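This is a predicted model, so every value here is computed, not measured. Letters A, B, ... are given to chains in the order of the sequence lines, protein chains preceding strands, and every chain is numbered from 1.
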Protein chains: 2
Amino acid sequence: MNQSIRDEFEDRASVLKALAHPTRLFIVEELSDGERCVHELTEKIGADMSTVSKHLSVLKSVGIVGTEKRGAEVYYSLRMGCVLDFFDCIEAVIRGGDDSSCPPGRSSCG
Amino acid sequence: MNQSIRDEFEDRASVLKALAHPTRLFIVEELSDGERCVHELTEKIGADMSTVSKHLSVLKSVGIVGTEKRGAEVYYSLRMGCVLDFFDCIEAVIRGGDDSSCPPGRSSCG
DNA sequence: GCAATACTTGGCGAATTTACCAAATGACCA
DNA sequence: TGGTCATTTGGTAAATTCGCCAAGTATTGC
């Protein structure tokens, strides 16, 4: 693996890393229903607002979500809805499906 | 977020965590072309074999890859090919596409 | 201006991850 | 049986992540 290949996979991994946290996945699912401000998300998640804000900034830094400030509130919304497509495959992995239910090669999963 | 909801998202996150490393993404892509033994992967990756072996065990522990021992070699293969579907969306996120190229709601990405 | 609300940022300790080396296991062959 | 190749596991230091608290910025309303 040379450096440019490594960089390429590093970039890809950073997108997955941004998603690879239960709170951030919860946020993504929540935002699939529409925009939410930090305060709303904080209530649903039940953590410190600073913690939620940091999770949001991780998602924003890779471009998965975007923000719009309205008054004192900052509304977050999903910018890359395609990440929702991951969920079905993830469920399949958790259920422990095998090749037959999820063959290699750009197939859909579920 | 109550405990059972948290557990659910924890499980989902663990699948993404397994993928969220450049070396492991490289392995997945490599295996999309067919099975490989640890030795082959180690050469292509250029890290210590023990490091590669540990990455493989992470992927195996969540069920993304499976193994078959033949002689002294252990061949790894992709068990959940659906994870390859993530790549297009990930590329779109990296390219910084916006809503129009990747609208919310179970759409395909690319 | 002041206080309150909404949010972000800095900082710190705790927990997790990562990569290497060394050592152990298992299979194959002379 | 001894040696070698293939792989896994244990251990450890360095780096990263995580969550809370404290403090700072911005907006609203009195």
Side-chain angles (χ1 to χ4, degrees), chain A residues 1-3 5-7 9-28 30-31 35-62 64-77, chain B residues 1-3 5-7 9-28 30-31 35-62 64-77:
Chain A
M1 234 195 327
N2 65 41
Q3 192 56 47
I5 299 278
R6 168 157 290 282
D7 287 347
F9 282 93
E10 199 94 49
D11 288 344
R12 292 181 188 174
S14 64
V15 174
L16 287 169
K17 268 186 207 169
L19 286 170
H21 188 285
T23 298
R24 294 197 290 267
L25 282 179
F26 178 88
I27 289 171
V28 166
E30 187 66 23
L31 295 186
E35 61 176 15
R36 300 278 190 277
C37 69
V38 183
H39 180 246
E40 290 172 305
L41 292 169
T42 298
E43 276 192 346
K44 296 210 183 210
I45 291 165
D48 195 276
M49 182 180 273
S50 70
T51 300
V52 174
S53 177
K54 279 175 182 173
H55 282 306
L56 286 163
S57 85
V58 171
L59 289 171
K60 188 181 178 184
S61 71
V62 298
I64 292 173
V65 304
T67 58
E68 188 188 327
K69 182 158 188 171
R70 290 207 295 278
E73 280 116 29
V74 177
Y75 284 88
Y76 281 79
S77 58
Chain B
M1 237 197 321
N2 65 41
Q3 191 56 45
I5 298 278
R6 167 158 291 281
D7 286 347
F9 282 93
E10 200 94 48
D11 288 344
R12 292 182 187 173
S14 65
V15 175
L16 288 169
K17 268 186 208 171
L19 286 171
H21 188 285
T23 298
R24 294 196 291 267
L25 282 179
F26 179 88
I27 289 171
V28 166
E30 188 67 20
L31 296 185
E35 60 177 17
R36 299 279 190 278
C37 69
V38 184
H39 179 246
E40 291 173 304
L41 291 169
T42 299
E43 276 192 346
K44 297 211 181 208
I45 292 166
D48 194 275
M49 182 181 274
S50 70
T51 300
V52 174
S53 177
K54 279 176 184 172
H55 281 306
L56 285 163
S57 84
V58 171
L59 289 170
K60 188 181 178 184
S61 71
V62 297
I64 292 173
V65 305
T67 58
E68 188 189 327
K69 183 158 188 170
R70 289 207 295 280
E73 281 116 29
V74 177
Y75 284 87
Y76 281 79
S77 58

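When the P atom of dT17(C) is taken as reference, atom CG of Leu59(B) falls 14 Å away, rounded to whole Å. As a whole-Å value, the separation of Arg70(A) CZ from dT5(C) C1' is 17 Å. Atom CD of Glu68(A) is separated from atom P of dA6(C) by 18 Å (rounded to the nearest Å). Protein atom CD of Glu43(B) is 13 Å distant from nucleotide atom P of dC5(D), rounded to whole Å. As a whole-Å value, the separation of Glu10(B) CD from dC18(D) P is 11 Å. Taking atom CG of residue Leu41(B) and atom P of nucleotide dA19(C), one finds them 15 Å apart after rounding to whole Å. For the pair Met49(A) CE and dG24(D) P, the interatomic distance rounds to 19 Å; values are reported in whole Å. Per the geometry, CD1 belonging to Ile45(B) stands 13 Å off P belonging to dT18(C), to the nearest Å.
Closest to the side chain of Ser53(A), out of dT8(C), dG19(D), dT8(D), is dT8(C). Looking at the side chain of Asp48(A), the nearest of the listed nucleotides dC7(C), dC21(D), dT7(D) is dC21(D). Of the candidates dG10(C), dG10(D), dC7(C), dG10(C) carries the atom nearest the Lys54(A) side chain, counting heavy atoms from C-beta on. The side chain of Lys69(B) sits closest to dA27(C) out of dT27(D), dA27(C), dT7(D).
Contact between the side-chain N/O atoms of Tyr76(B) and the OP1/OP2 oxygens of dT8(D) is found at a separation under 4.0 Å. Between His55(A) and dT17(D) there is no side-chain N or O to OP1 or OP2 distance below 4.0 Å. Taking only side-chain nitrogens and oxygens, Arg24(B) comes nearer than 4.0 Å to OP1 or OP2 of dT18(C).
If you find the closest nucleotide of DNA chain C to Lys17(A) and to His39(A), the one lying nearer the 5' end belongs to His39(A). Judged by closest nucleotide on DNA chain D, Cys37(B) is the one of Cys37(B) and Glu73(A) placed further toward the 5' end.
Side-chain atoms of Glu43(B) do not come within 3.5 Å of backbone N or O of Glu40(B) as any donor-acceptor pair. Panel note: side chain Arg24(A), backbone Lys17(A); a donor-acceptor pair is recorded below 3.5 Å.
Classification of the His21(B)-His55(B) ring pair by plane angle, with boundaries at 30° and 60°, yields tilted.
Between Ala18(A) and Leu59(A), the shortest heavy-atom contact is O-CD2, 3.6 Å. When all heavy atoms are compared, the tightest approach of Val52(A) to Leu41(A) is CG1-CB, 4.2 Å.
Between the side chain of Ser50(B) and the base of dC21(C), at least one donor-acceptor pair of N or O atoms lies under 3.5 Å. In this model, no side-chain donor or acceptor of Thr51(A) finds a partner on the base of dC18(D) within 3.5 Å.
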